[in-house]
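In this text the structure is predicted, and so the values were computed from the model without any measurement. Proteins get letters first, then strands, A, B, ... in listed order; numbering begins at 1 in each.
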Number of protein chains: 2
Amino acid sequence: MSDALEILGDRYSLPILRELMYGFHRFTDLAALTGAPRTLLTGRLRRLEEAGAITRTQYSQHPPRFEYHLTAAGADLLPVILTLKEWGERHTGDHEAKTVFVHRCGAALHPVVTCGACREDVRPGEFVVEDGPGGGHPSATDGTDH
Amino acid sequence: MSDALEILGDRYSLPILRELMYGFHRFTDLAALTGAPRTLLTGRLRRLEEAGAITRTQYSQHPPRFEYHLTAAGADLLPVILTLKEWGERHTGDHEAKTVFVHRCGAALHPVVTCGACREDVRPGEFVVEDGPGGGHPSATDGTDH
DNA sequence: CGGGTCAGTCCAGAAACTGGACCGACTGGA
DNA sequence: TCCAGTCGGTCCAGTTTCTGGACTGACCCG
């Protein structure tokens with residue numbers, strides 16, 4: 001996760017990706033929609049491109065003009081954005097969401113995280129934290145106490 | 001989502017919450033595990049407390065000692081952390097995860113986001129973005145350039 | 001008595017962010 | 001033809017934030 005936050009851990013990267021998902025692809029649009037200063041936006045777009053989350057393609061030759069699109073890896077951030085949006089609406093003052101996601105089933109999309117293996121909902125306390133091959137925590141022990 | 005990122009949008013807030021989920025509750029542990037400078041950690045913990053994601057409780061009187069615990073709102077960030085962890089392992093060099101989540105069903109926990117209404121997996125393109133009551137995007141939805 | 005633990009604070013230098021001005025190559029309208 | 005506007009940036013100076021090491025004060029353990 002630390003690696004992910006190295007790329008996404010700031011106030012603008014996820015909003016940029018979100019606007020790309022919404023269908024905006026141009027620099028000026030992204031600047032206006034996210035509120036990011038243009039200098040900062042330039043840097044973030046470069047970093048996201050380098051990380052493989054977006055592509056930068058030239059759509060006009062002589063006045064050089066570019067547009068940004070999600071890669072497969074970038075589109076894969078959809079679950080992160082959905083769950084973050086859901087949390088914001090539930091636990092911050094952000095009750096009147098500016099946008100609503102409507103699933104193809106017709107209902108407003110409220111994401112639920114399930115276990116890929118057994119398909120059951122995942123709740124705090126229903127899993128255990130174990131050390132992986134990369135070497136784990138100093139004294140991870142119990143994981144779920146409270 | 002912007003409100004959520006106002007609180008969580010930096011390199012340390014989510015790691016702090018993650019370590020709390022893993023069962024670490026003391027200032028020094030959090031500093032060591034996240035790598036956050038102590039001054040910064042102090043600020044983040046105050047902000048998360050103010051946002052209602054964690055509580056700070058005194059467990060020793062005379063040498064004042066405190067420990068931090070997740071509130072219900074904080075625990076509700078589990079889906080965000082799970083999906084972010086999953087993305088990091090899939091799309092960054094973070095293949096050898098230091099920790100593995102094992103679901104109570106016995107399998108390694110790979111989160112899948114489903115629609116709360118129809119229970120189907122959510123994939124890019126299987127939903128529509130619409131303006132909500134809060135007033136929406138200038139010209140959202142279609143994705144075609146104007 | 002000495003060392004360690006714990007939850008911080010303080011400080012100075014480095015890095016990042018901010019917002020406004022500016023740019024060059026066009027395009028559209030009168 | 002002239003003028004305003006668009007687009008994707010860059011440049012700059014001032015402000016804020018981050019960083020990491022040193023320090024503190026009350027306790028606990030041997």
Side-chain angles (χ1 to χ4, degrees), chain A residues 2-3 5-17 19-20 23-51 53-70 137-139 141 145, chain B residues 2 5-17 19-20 22-51 53-70 137-139 143-146:
Chain A
S2 315
D3 287 358
L5 288 173
E6 207 85 9
I7 303 161
L8 308 168
D10 62 88
R11 220 164 48 262
Y12 294 114
S13 294
L14 254 0
I16 290 168
L17 267 350
E19 298 305 332
L20 291 175
F24 298 97
H25 302 287
R26 298 216 293 281
F27 187 89
T28 303
D29 285 344
L30 297 174
L33 292 165
T34 61
R38 306 159 89 69
T39 45
L40 193 48
L41 182 58
T42 303
R44 287 295 178 276
L45 289 169
R46 295 294 176 282
R47 194 169 77 184
L48 289 170
E49 190 191 2
E50 195 181 353
I54 65 175
T55 56
R56 180 174 180 260
T57 54
Q58 192 159 1
Y59 70 89
S60 161
Q61 212 65 308
H62 264 315
R65 295 283 177 275
F66 303 91
E67 55 183 17
Y68 299 89
H69 285 269
L70 293 173
H137 279 68
S139 65
T141 66
D145 48 359
Chain B
S2 317
L5 287 174
E6 208 84 10
I7 303 160
L8 309 168
D10 62 87
R11 218 160 53 260
Y12 293 114
S13 293
L14 254 359
I16 290 167
L17 266 350
E19 298 305 332
L20 290 176
Y22 287 178
F24 297 97
H25 302 287
R26 296 216 293 279
F27 186 89
T28 302
D29 285 343
L30 297 174
L33 292 165
T34 62
R38 307 160 90 68
T39 44
L40 192 50
L41 182 58
T42 303
R44 288 295 179 277
L45 289 170
R46 295 294 176 281
R47 194 169 78 186
L48 290 170
E49 190 191 3
E50 196 181 354
I54 64 175
T55 56
R56 178 171 180 263
T57 53
Q58 193 159 2
Y59 68 89
S60 160
Q61 211 66 308
H62 263 316
R65 294 283 177 274
F66 304 91
E67 55 184 14
Y68 299 89
H69 285 269
L70 293 174
H137 277 69
S139 67
T144 58
D145 301 329
H146 31 218

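- The distance between atom CZ of Arg47(A) and atom P of dA15(C), rounded to the nearest whole Å, is 16 Å.
- In this structure, Tyr68(B) places its OH atom 8 Å from C1' of dG8(C), rounding to the nearest Å.
- Between dG9(D) and Arg46(A), a contact under 4.0 Å exists linking OP1 or OP2 to a side-chain N or O.
- In this structure, Tyr59(A) places its OH atom 13 Å from P of dT6(D), rounding to the nearest Å.
- Note: CD (Gln58(A)) to P (dA25(C)) measures 14 Å, nearest angstrom.
- Of the possible polar contacts, none joining the Arg11(B) side chain to the Glu6(A) backbone as a donor-acceptor pair under 3.5 Å is found.
- No cation-pi contact links Arg56(A) to Tyr68(A), judged by a cut-off of 6.0 Å to the six-membered ring centre and 45° from its axis.
- In this structure, Arg56(A) atom CZ and dC7(D) atom P are separated by 16 Å, rounded to whole Å.
- Each of Arg44(B) and Thr42(A) lies near DNA chain D, and the nucleotide nearest Thr42(A) is the one positioned closer to the 5' end.
- Look at CZ on Arg11(B): it is 9 Å from P on dG20(D), rounded to the nearest Å.
- In this structure, Leu5(B) and Pro15(A) have side chains that are in contact, with non-hydrogen atoms separated by less than 4.5 Å.
- For dG8(C), the base has a donor-acceptor partner in the side chain of Arg38(B) [N/O atoms by modelled type, under 3.5 angstrom].
- Backbone-only engagement by Phe66(B) is indicated by non-hydrogen atom pairs under 4.0 Å involving sugar-phosphate atoms exclusively.
- Residue-level contact check: Ser60(A) touches neither bases nor backbone, having no heavy atom under 4.0 Å from any strand.
- Between the CG atom of Asp29(A) and the P atom of dG8(D) there is a distance of 8 Å, given to the nearest Å.
- Side-chain contact, Tyr12(A) with Arg44(A): no donor N or O sits under 3.5 Å from an acceptor N or O.
- Atom-to-atom, CG of Leu41(B) to P of dG8(C) comes out at 8 Å; the value is rounded to the nearest Å.
- For Thr28(A), no side-chain nitrogen or oxygen approaches OP1 or OP2 of dC7(D) to under 4.0 Å.
- The shortest distance between the side-chain N/O atoms of Arg26(A) and the OP1/OP2 oxygens of dC7(D) is below 4.0 Å.
- Both Gly35(A) and Pro63(A) sit near DNA chain C, but only Gly35(A) has its closest nucleotide nearer the 5' end.
- A sub-4.0 Å separation between OP1 or OP2 of dA25(C) and a side-chain N or O of His62(A) is absent.
- Looking only at side-chain heavy atoms (C-beta outward), Leu45(B) and Phe66(B) stay at 4.5 Å or farther from each other.
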